[in-house]
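Report on one structure; see the data block that follows.
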Amino acid sequence: MPLLKNNQFVADDYTFVADEDALPASGKVLVTFARLKRDWDEIAKLPAMVGVKVANTDKTDELTPYLSKIALVQLTFPAFTDGRSYSIGRELRLDGYRGELRADGNVLPDQLQLMRQVGFDSFLVSDRFPLEVWQKAAHSMSLAYQRGLFRQVQETEVWSTRHHGFQAWEEQPHAG
Amino acid sequence: MYRYDEFDAKFVSERTAQFRDQANRRLSGELTEDEFRPLRLMNGLYLQLHAYMLRVAIPYGTLSGKQMRQLAMIADKYDKGYGHFTTRQNIQYNWIKLEETADILQALADVEMHAIQTSGNCIRNVTTDHWAGAAADELDDPRPIGELIRQWSSLHPEFSFLPRKFKIAITGAPHDRAAVKVHDIGLRLHKNAAGQIGWEVMVGGGQGRTPMIAQTVRDFLPQNELIAYLEAIMRVYNLYGRRDNKYKARIKILVHEIGAEKFKAEVEAEYAKHPAQQTQVEEAELARIAKYFAAPKFEKMSRFAPHFEEHRRANPDFAAWARNNLAAHAKEGYTIVNISLKPEGGIPGDATGEQMRVMAELAERYSHDELRVSHAQNIVLPHVKLEDAYVVWQELKKHDLAAANYGLAGDIIACPGMDYCSLATARSIPVSMAISRKFGDLAKQEDYGPLKINISGCINACGHHHVGHIGILGLDKKGEEYFQITLGGSSSENASIGTILGPGFSAEEVPDAIETILNTYVKLRESKNEDFLTAYRRVGPKPFKEALYAAA
């Protein structure tokens with residue numbers, strides 16, 4: 001599966017380690033949230049930061065104690081119509097998580113921009129669509145009404161623009 | 001009325017371009033139907049029994065003459081010369097081609113309209129009191145908040161794939177004409193002890209197969225916190241609403257299953273986590289919007305309208321229409337004209353292109369260029385001088401728009417039913433037409449008094465049968481249509497769900513059954529001032545059951 005990041009397909013440098021497999025001594029690893037909790041003492045001692053796969057039924061509050069060790073949170077969309085991970089992703093960003101936020105599962109071009117706006121910045125996508133389709137889909141709308149979203153430079157946040165002078169959006173460097 | 005600025009215009013035009021691209025990709029086969037469905041639904045396009053149906057948003061039910069003319073143009077050019085006003089204050093076109101849909105959306109964008117989020121599992125078009133800004137009993141115009149919510153909910157990235165559709169209704173008056181207690185979120189404007197204006201927030205009302213009355217989660221929410229608080233409610237629903245069964249996915253089921261207290265605690269916890277720290281932008285935006293809804297420049301009129309009185313005395317038909325179809329306006333010498341789209345034997349809510357143009361013209365000449373669509377599928381001219389009521393009536397009469405049955409037995413709410421809808425189990429329109437003919441005599445209707453007869457063609461309850469004083473639900477039993485009758489429902493501030501009386505009736509038997517019910521009411525009412533609903537609440541279903549089923 002291609003990994004889309006910063007509007008390019010890039011190599012995925014994380015290795016997923018199943019719950020029963022041994023953790024490697026080096027390299028970036030991706031583990032499930034259950035594993036993270038179960039083997040926290042061991043994982044905390046790993047030299048590198050880790051990635052964690054979070055189900056869309058997990059509570060983000062439970063993730064908080066571990067965030068300082070986490071550089072990647074991978075959230076899943078079992079079907080593109082299942083929107084729970086939009087809220088989980090947004091909550092994590094609202095709580096101040098600044099690491100990579102990756103979307104996995106049924107990720108399609110028509111939802112890409114919505115995912116970016118709530119704070120996702122990398123996407124495991126199907127190889128059905130060429131890169132140009134994703135690049136175009138990433139900014140199919142140039143403006144949004146809601147405040148506090150992640151946006152790209154050329155995107156307008158309508159209410160903040162109409163009423164500048166009040167606290168506007170900060171530029172969001174992570175909205176890859 | 002609200003006018004788009006450059007941003008609103010750009011937003012709708014980009015959305016139209018986006019849909020054109022999606023439709024083209026579907027037509028070329030690049031998108032599968034499964035992938036296209038949620039996209040077209042978010043732009044109001046359904047696939048029905050015979051054709052595509054396009055549902056156009058009429059935010060908070062408000063239209064200008066120009067917009068109404070464009071709806072007429074679309075009816076004539078892209079449909080079969082008519083449109084259907086719905087219980088969601090929208091208009092539906094029933095004979096649409098996929099290839100032409102993007103052109104229709106462009107025609108709508110030309111007059112600052114759209115079909116965004118009139119369908120799909122997202123926040124739908126927000127509805128409100130059809131007399132907003134005109135009603136004598138109003139605290140404040142609810143439409144500015146309606147517009148604020150329209151903008152906030154448009155393509156909300158977090159809430160575009162909810163467990164199920166989500167409907168918000170708002171009232172700014174103590175007498176609830178917006179049915180807020182049977183919406184996912186109902187908002188009621190009121191004053192607290194300190195004299196400040198704020199919102200009572202109610203959650204979890206709804207109709208469908210599990211009708212429920214909304215529960216209050218906040219008695220008083222300051223205006224400026226509304227958007228942040230709505231986000232908290234939506235987030236709790238998005239995360240915890242059921243997704244395993246689409247019939248149990250509405251927020252009312254979540255509220256019911258975890259209990260109102262637990263739900264309220266979840267929302268308050270979520271809200272406390274991310275409270276509204278900065279609401280100046282929302283406040284400034286609300287103030288900006290509110291300016292557009294400033295009251296029109298009313299003339300100083302005398303309370304006594306000699307011309308109006310004269311015609312009322314001379315013309316009994318006009319007098320009857322004036323008695324039933326006019327409502328008290330906040331301004332002296334003005335009136336609210338309710339145009340009934342329920343001619344005797346007609347299809348509730350249908351209007352031809354020609355009729356739409358007539359109503360547009362009347363709005364431009366006599367009602368400060370404003371029209372409203374009501375959730376009871378009628379059209380309102382909100383600001384008419386009493387002295388002009390007679391000429392307005394004459395013009396309406398010429399175009400079969402002067403039915404004097406507003407709020408009476410003939411003013412029936414009905415869904416499209418099996419004549420159009422792919423979900424329906426029975427044909428609601430013919431039953432509605434038969435009842436309308438049965439009670440064609442206006443004197444009889446006036447004797448029965450205020451009455452809401454609501455008909456749905458299936459359990460999804462688009463015809464609001466649960467909250468009709470008399471509700472009729474069309475079902476299917478082994479290929480035979482039959483109709484279940486409920487009594488005692490109400491969608492107003494004293495909302496209630498109707499009670500099923502007993503075994504159903506065939507389509508042919510329904511009008512007689514309704515007549516039996518109404519004659520029973522006439523016999524038992526304490527006086528002519530005790531209306532049907534009040535009488536029913538006093539005596540309960542027993543006498544009606546006896547009258548209906550005793551003979552059998």
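Residue numbers start from 1 in every chain, and the chains themselves are labelled A, B, ... in the order their sequence lines are given, proteins ahead of strands. Just so it is clear, the values below take in all heavy atoms, side chains as well, and ignore hydrogens, waters and symmetry mates.
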So if I take each residue of residues 12-32 of chain A and look for any heavy atom under 4.5 Å from a heavy atom in chain B, which residues do I end up with?
none

Are the charged groups of R128(A) and E35(B) less than 4.0 angstrom apart, N to O?
yes

Counting C-beta onward and ignoring hydrogens, is there a side-chain heavy-atom pair between L94(A) and R235(B) closer than 4.5 Å?
yes

At their closest point, which heavy atom of S154(B) faces which heavy atom of Q146(A), and how far apart are they?
O-NE2, 2.9 Å

Using 0.5 Å steps for rounding, measure from the CZ atom of F7(B) to the OG atom of S142(A).
9.5 Å

Test ring pair (Phe, Tyr, Trp, His ring centres under 6.0 Å) applied to Y2(B) - qualifying residues, sequence neighbours left out:
Y292(B)

More than 12 heavy atoms of other residues, nucleotides or ligands under 6.0 Å from NE2 of H256(B): yes or no?
no

In Å and rounded to the nearest 0.5 Å, what is the CG to OH distance from L148(B) to Y145(A)?
11.0 Å

Start with the C-alpha distance between R90(A) and E231(B), add both sets of side-chain angles, then the distance that settles salt bridge (Lys or Arg N to Asp or Glu O under 4.0 Å), and finish with yes or no.
CA-CA 11 Å; R90(A) 186 133 193 250; E231(B) 294 232 343; 3.0 Å; yes

Taking atom CD of Q117(A) and atom OG of S160(B), what is their separation to the nearest 0.5 Å?
9.0 Å

Output the residues of residues 47-81 of chain A for which the shortest heavy-atom distance to chain B is under 4.5 Å, in residue-number order; output 'none' if no such residue exists.
K59(A), D61(A), F80(A), T81(A)

For the interface with chain A, which of L31(B), D8(B), L162(B) has the highest count of heavy-atom pairs at distances below 4.5 Å?
D8(B)

How about CZ on F9(A), more than 12 heavy atoms from neighbouring residues, nucleotides or ligands closer than 6.0 Å, or not?
yes

Applying ring pair (Phe, Tyr, Trp, His ring centres under 6.0 Å), name anything that partners H156(B), two or more places apart in sequence or on another chain.
W152(B), F159(B)

Side chains of H163(A) and Q280(B): donor-acceptor distance under 3.5 Å anywhere?
no

What part of D82(A) gets within 4.5 angstrom of chain B, counting heavy atoms only: side chain, backbone, both, or neither?
both

Greatest number of heavy atom pairs closer than 4.5 Å to chain A - which of D5(B), I227(B), N121(B)
D5(B)

Charged N to carboxylate O under 4.0 angstrom, K273(B) versus D95(A)?
no

So, the part of R37(B) with a heavy atom under 4.5 Å from chain A: the answer is neither

Using non-hydrogen atoms only, which part of L143(A) is less than 4.5 Å away from chain B: side chain, backbone, both, or neither?
both

Charged N to carboxylate O under 4.0 angstrom, R84(A) versus E158(B)?
no

d(F11(B) CZ, T156(A) OG1) to nearest 0.5 Å is 12.0 Å

Examine the side chains of E14(B) and S140(A) and answer whether a donor and an acceptor come within less than 3.5 Å of each other.
no

Pairs of heavy atoms under 4.5 Å with chain A: top-ranked of E270(B), M234(B), E30(B), E282(B)
E282(B)

Could you tell me which non-hydrogen atom of S160(A) sits nearest to which non-hydrogen atom of V281(B), and how far apart they are?
N-CG1, 4.3 Å

D110(A) side-chain N/O to L39(B) backbone N/O, donor-acceptor pair under 3.5 Å
no

K136(A) versus D21(B), closest heavy-atom pair with distance:
NZ-OD1, 3.7 Å

